[in-house]
Enquirer: 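A single structure is presented below for examination.
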Amino acid sequence: MEYWKELLLLGLLCTLGECHPECDQGFKSESRTCIDVNECEEGLCGENTKCFNTNGSFYCQCLPGFKNNNGDFNFTLGGHCQDFNECTGVDNICGHAANCSNRIGSYMCTCHFGYTNANWSTGNCQDIDECKEADDKKEDLCGVKGTCTNSNGSYWCMCSKGYTNYGNERTTCSELDCDSFNGNGRPAPSLEGLADILFMMRNSCLALSDPSTAGEGNTDGNVLLQKLFTGAEAILAPGLDSSEDVSRLLGVVENAIMLIGPQLKDGRTKSVTNETDAEIAVQRGTTPPIGPIHLTNENATLDTDWTTAAGMGSYPGFALAALLSYKNLEISVNRSFNKLTGHEKDGVNPSFQISSRVVSVVVSNPSTQNLSRHVNITLRHLQDKEESAKLSYICAYWNESGAWSTDGCYQLCSNATHTVCTCKHLSSFAVLMALYDIEHTFGLQVVTKIGLAITLVCLILCILTFKFCHSIQGTRTTIHLHLCICLFMADLIFLAGISQTKPVGGCRFVAAMLHYFFLGVFTWMLLEGVQLYRMVVLVFNASIRPLYLFLTGYGTPLLIVVISAIIRPKGYGTDQYCWLSQDGLIWSFYGPVCFIIIFNVFFFIVTVWKLAQKFTSLNPDLSKLHKIRAFTVTAIAQMCILGLMWVFGAFLFQKGTTVEAYIFTILNSLQGALVFLMHCLLSKQVRDEYAHFLSCVCTPQKKRYSDFSTTNPSSSQSQASRSGQHTGESQI
Ligand SMILES: *[C@@H]1O[C@H](CO)[C@@H](O)[C@H](O)[C@H]1NC(C)=O
Ligand SMILES: *[C@@H]1O[C@H](CO)[C@@H](O)[C@H](O)[C@H]1NC(C)=O
Ligand SMILES: *[C@@H]1O[C@H](CO)[C@@H](O)[C@H](O)[C@H]1NC(C)=O
Ligand SMILES: *[C@@H]1O[C@H](CO)[C@@H](O)[C@H](O)[C@H]1NC(C)=O
Ligand SMILES: *[C@@H]1O[C@H](CO)[C@@H](O)[C@H](O)[C@H]1NC(C)=O
Ligand SMILES: *[C@@H]1O[C@H](CO)[C@@H](O)[C@H](O)[C@H]1NC(C)=O
Ligand SMILES: *[C@@H]1O[C@H](CO)[C@@H](O)[C@H](O)[C@H]1NC(C)=O
Ligand SMILES: *[C@@H]1O[C@H](CO)[C@@H](O)[C@H](O)[C@H]1NC(C)=O
Ligand SMILES: *[C@@H]1O[C@H](CO)[C@@H](O)[C@H](O)[C@H]1NC(C)=O
Ligand SMILES: *[C@@H]1O[C@H](CO)[C@@H](O)[C@H](O)[C@H]1NC(C)=O
Ligand SMILES: *[C@@H]1O[C@H](CO)[C@@H](O)[C@H](O)[C@H]1NC(C)=O
Ligand SMILES: *[C@@H]1O[C@H](CO)[C@@H](O)[C@H](O)[C@H]1NC(C)=O
């Protein structure tokens, strides 16, 4: 049954044309013939292989870069192709001047630095002739004084005498000046150790710059640095006596670091001894380095950038920056503060003392006197103290001449523990503490306030007296009155406005008003001199018309102020006080003042001389002469005080020391009191009038009324006598 079924199926297939003959393995029947089967289409070989079909069979081969795990080259089944590492072969497949790195199915060759390969199919990496290449590109690898020599994979520079590349073969030759290690011709007997350092550095310098010894004389930079600091330690440990020694040591160490830095092998080198703490950063390369530099030790930090450190000049193939902190130098430099100026506060000169470690900043930039960008130096204080009215921190550098200076350095910010300094040039720095004797300032302020208050009170009394006291009316009293008004206004404005420097416009106005009223004081004093002269010399016609008085007394100062304000409006008011600036405009005050004083001196001499003549004349009118003598003495005293006051005033506004401020203030206070004493208290008429006034005030109301009615005739009497005096006075 089964058999028949099969036969039937075969017969059916044959009739359909699908019946084929028996074919061998690897063949299939098609159109009654056996044809080859393409086994490669069935993917029998696996990954990373190439399949080859053959008549009746097939075989597999691994792709290049792959290997069969059985080790067969041709295989059919059971083979497995895997990547193999070409680089691990016995011979470096890439040649001696290249690195080989395996890839899946292949490998890659990278030429060593200094080698190149234009065409891998022709061979291995070839040495680059850097010297020739640089020549072709018109570059100068070794500098004008260096000879470039090619070597396998590299090149090196040979420097001529006097030039060096600091032992770095591939660095430009730069000039080396060993003269800075000559000790400037004069050996310092007090610093024997320094002579040793100089000797060592000079030898090292000469060896470096001599091509015949370069190589063997090339001491290790780190060893040299160690020697330098050991030598410096020996000098620093006992302390330095003179400022010159400090300058010399700082200078030598800075120069030495400039020489040693480029010879150091590492990018960062730290060296700590008992006396110093140094950190040196070096960068080499064919192009100038860029980026920030941050060097720090326990008590100091330097922030700058490589552009500043390398400088704008020709690039020597390296750049260096060093921060060197001296641990015990403070004691030796806790002096030499005499060059520090401009730190007065309210007229008080501070006393200084050192307040941080001394640090030196060294960079390879040869022109450190005017850096393109400020460097920031943060210094730790020796003692934790906040800035206050009594204390401020200032950033200073040690000037080569052996004293602290501040120009080009200023304080960026301070807290109790640190001060940040920013400087436009480099050398050795420290933070100084400026201590202000605050009691002094306070005392001065009190004296100024009290003194001016006394003056103002006295002047008010004088003004009231001169205005309302009938018994003394006359030209002289008018002059006194206006002199007092000017002085009062000047002092009032001085008290209220001299230090109100903001806003600027207000300060200018205050300065102009002060200028006007102080000049007014002097012109009225001139009028007083003129009037005295007329009273004594031209006995008759002694009164001056008030119009002329006012025109001169108020007009002249106005004219001067207006002209000055037109010519130099910016000269009114400075940022410290509201007074005339000291650059020329001040002469629009001192000029007229000198002129007036000279004239008054002349008038007074003539007056005194005439007066003396009159006293010795046959029948002198003694009471009248005594009176004039009193006037003259008063006038002279007043002029002396005013003149003297402004002599000290000149110093005060110029430099502002405490003593001058005290004298100025005291004389100014005396001024008002003197006028009051001389013109009011010492004058009998005025005293009488005061007494009368006081008796009126003190008598009870009722009684005063009756008093008034009963004493009416006597008052008219006294008026008569007053008018008599009046006329009498105006006659003299
Ligand atoms: C392949 O082999 C068969 C017999 O083995 C032969 O008859 C045939 O001619 C061969 N074909 C070719 C293309 O060589
Ligand atoms: C691999 O097979 C091809 C074709 O049969 C042959 O020519 C070649 O020699 C074989 N290679 C090896 C290593 O057996
Ligand atoms: C060559 O290989 C060494 C060691 O792995 C490596 O230090 C060097 O940078 C490589 N050189 C290049 C050009 O890749
Ligand atoms: C590499 O060298 C070969 C043989 O000299 C040459 O046929 C080929 O063109 C070269 N290739 C290049 C990119 O120069
Ligand atoms: C560079 O190396 C090759 C082979 O390693 C040597 O034959 C050749 O003399 C070397 N050239 C120089 C300049 O050292
Ligand atoms: C450094 O100071 C330590 C402790 O004071 C001392 O023992 C040491 O001898 C000093 N070193 C030198 C080189 O003076
Ligand atoms: C830093 O200052 C502190 C306190 O003034 C001191 O103890 C320390 O030794 C200093 N360190 C250096 C490196 O100068
Ligand atoms: C120094 O500090 C100032 C203010 O903090 C900053 O603007 C400046 O960039 C700093 N300079 C450097 C070189 O870091
Ligand atoms: C510096 O001198 C002052 C007195 O002139 C003294 O009070 C201070 O302690 C000294 N500072 C140092 C660090 O020696
Ligand atoms: C410092 O350099 C700046 C420009 O970088 C220049 O304007 C200035 O005048 C220089 N100052 C001095 C003192 O050379
Ligand atoms: C030293 O100070 C003087 C003025 O105080 C100044 O003219 C001079 O340039 C300073 N020297 C240095 C090297 O800064
Ligand atoms: C003080 O200032 C320094 C530097 O700017 C900073 O590192 C420190 O934290 C400050 N100290 C305090 C207490 O603010």
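Atoms within each ligand, like the ligands themselves, are counted from 1 in listed order. Only heavy atoms go into these numbers, but all of them, side chains included; no hydrogens, no water, no symmetry mates. Position 1 is the first residue of the sequence; numbering continues from there.
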Enquirer: Is it true that the side chains of Asn328 and Glu275 contain a donor and an acceptor less than 3.5 Å apart?
Expert: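 There is such a pair (donor and acceptor under 3.5 Å, judged by atom type) between the side chains of Asn328 and Glu275.
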
Enquirer: Given Met433, Arg335, Gln353, identify the one with the heavy atom nearest to atom 9 (O) of ligand 9.
Expert: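 It is Gln353 whose heavy atom sits nearest to atom 9 (O) of ligand 9.
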
Enquirer: For residues Asn299 and Asp277, is any side-chain donor paired with an opposing acceptor at under 3.5 Å?
Expert: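 Their side chains do not contain a donor-acceptor pair, so the 3.5 Å distance test is not met.
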
Enquirer: Please report whether ligand 12 has a polar contact with Asn415, defined as an N or O pair separated by less than 3.5 Å (distance criterion only).
Expert: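 Min N/O separation from ligand 12 is below 3.5 Å for Asn415.
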
Enquirer: Hydrogens and angles aside, do Asp407 and Tyr397 bring a side-chain donor and acceptor to less than 3.5 Å of each other?
Expert: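 Per modelled atom types, Asp407 and Tyr397 side chains form a pair under 3.5 Å.
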
Enquirer: Classify the side-chain pair Asn117/Gln126 by whether it contains a donor and acceptor separated by less than 3.5 Å.
Expert: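 No - no donor-acceptor pair under 3.5 Å links their side chains.
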
Enquirer: Is at least one protein non-hydrogen atom found at under 4.0 angstrom from atom 2 (O) of ligand 12?
Expert: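 Under 4.0 Å from atom 2 (O) of ligand 12, at least one protein heavy atom found.
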
Enquirer: Would Ser355 and Lys385 count as having a side-chain donor-acceptor pair, cut-off 3.5 Å?
Expert: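 No, because no side-chain N or O of Ser355 sits under 3.5 Å from a partner of the opposite role on Lys385.
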
Enquirer: Would you kindly say whether Thr419 and Glu387 are connected by a side-chain donor-acceptor distance under 3.5 Å?
Expert: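 No - no donor-acceptor pair under 3.5 Å links their side chains.
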
Enquirer: Considering Leu382, Ile354, Asn334, which one's heavy-atom position lies nearest to atom 10 (C) of ligand 9?
Expert: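 Selected option, by shortest heavy-atom distance: Asn334.
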
Enquirer: Please report whether atom 7 (O) of ligand 2 has a protein non-hydrogen atom at a separation of less than 4.0 Å.
Expert: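 Within 4.0 Å: no protein heavy atom nearby.
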
Enquirer: For atom 5 (O) of ligand 12, what's the nearest protein heavy-atom neighbour? Residue, atom name and distance, please.
Expert: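 Checking every protein heavy atom, the shortest distance to atom 5 (O) of ligand 12 gives Val420 CG2, 4.0 Å.
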
Enquirer: Any idea which atoms of ligand 12 are less than 4.0 Å away from a heavy-atom of Thr417?
Expert: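 Checking each atom against Thr417, I get 1 (C), 11 (N).
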
Enquirer: I want to check something: taking the side chain as every heavy atom from C-beta on, are Leu259 and Phe181 in contact at a cut-off of under 4.5 Å?
Expert: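 Of all side-chain heavy-atom pairs linking Phe181 with Leu259, at least one is under 4.5 Å.
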
Enquirer: Could you tell me whether Phe52 approaches ligand 2 through its side chain, its backbone, both or neither, with non-hydrogen atoms closer than 4.0 Å?
Expert: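 No part of Phe52 is near ligand 2 at this cut-off.
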
Enquirer: Given Cys51 and Cys45, is the disulfide bond (SG atoms under 2.5 Å apart) satisfied, shown in steps?
Expert: CA-CA 6 Å; Cys51 180; Cys45 285; 3.7 Å; no

Enquirer: Determine if the distance from atom 14 (O) of ligand 12 to the closest protein heavy atom is below 4.0 Å.
Expert: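 Flag for atom 14 (O) of ligand 12 set to true, protein heavy atom closer than 4.0 Å.
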
Enquirer: Using a 4.0 Å cutoff against the non-hydrogen atoms of Tyr59, which atoms of ligand 2 qualify?
Expert: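 Selected atoms, number and element: 2 (O), 3 (C), 4 (C), 5 (O).
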
Enquirer: May I ask you to identify the nearest protein heavy atom to atom 12 (C) of ligand 2, giving residue, atom name and distance to one decimal place in Å?
Expert: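 For this ligand atom, the closest protein heavy atom is Asn74 ND2, 3.4 Å.
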
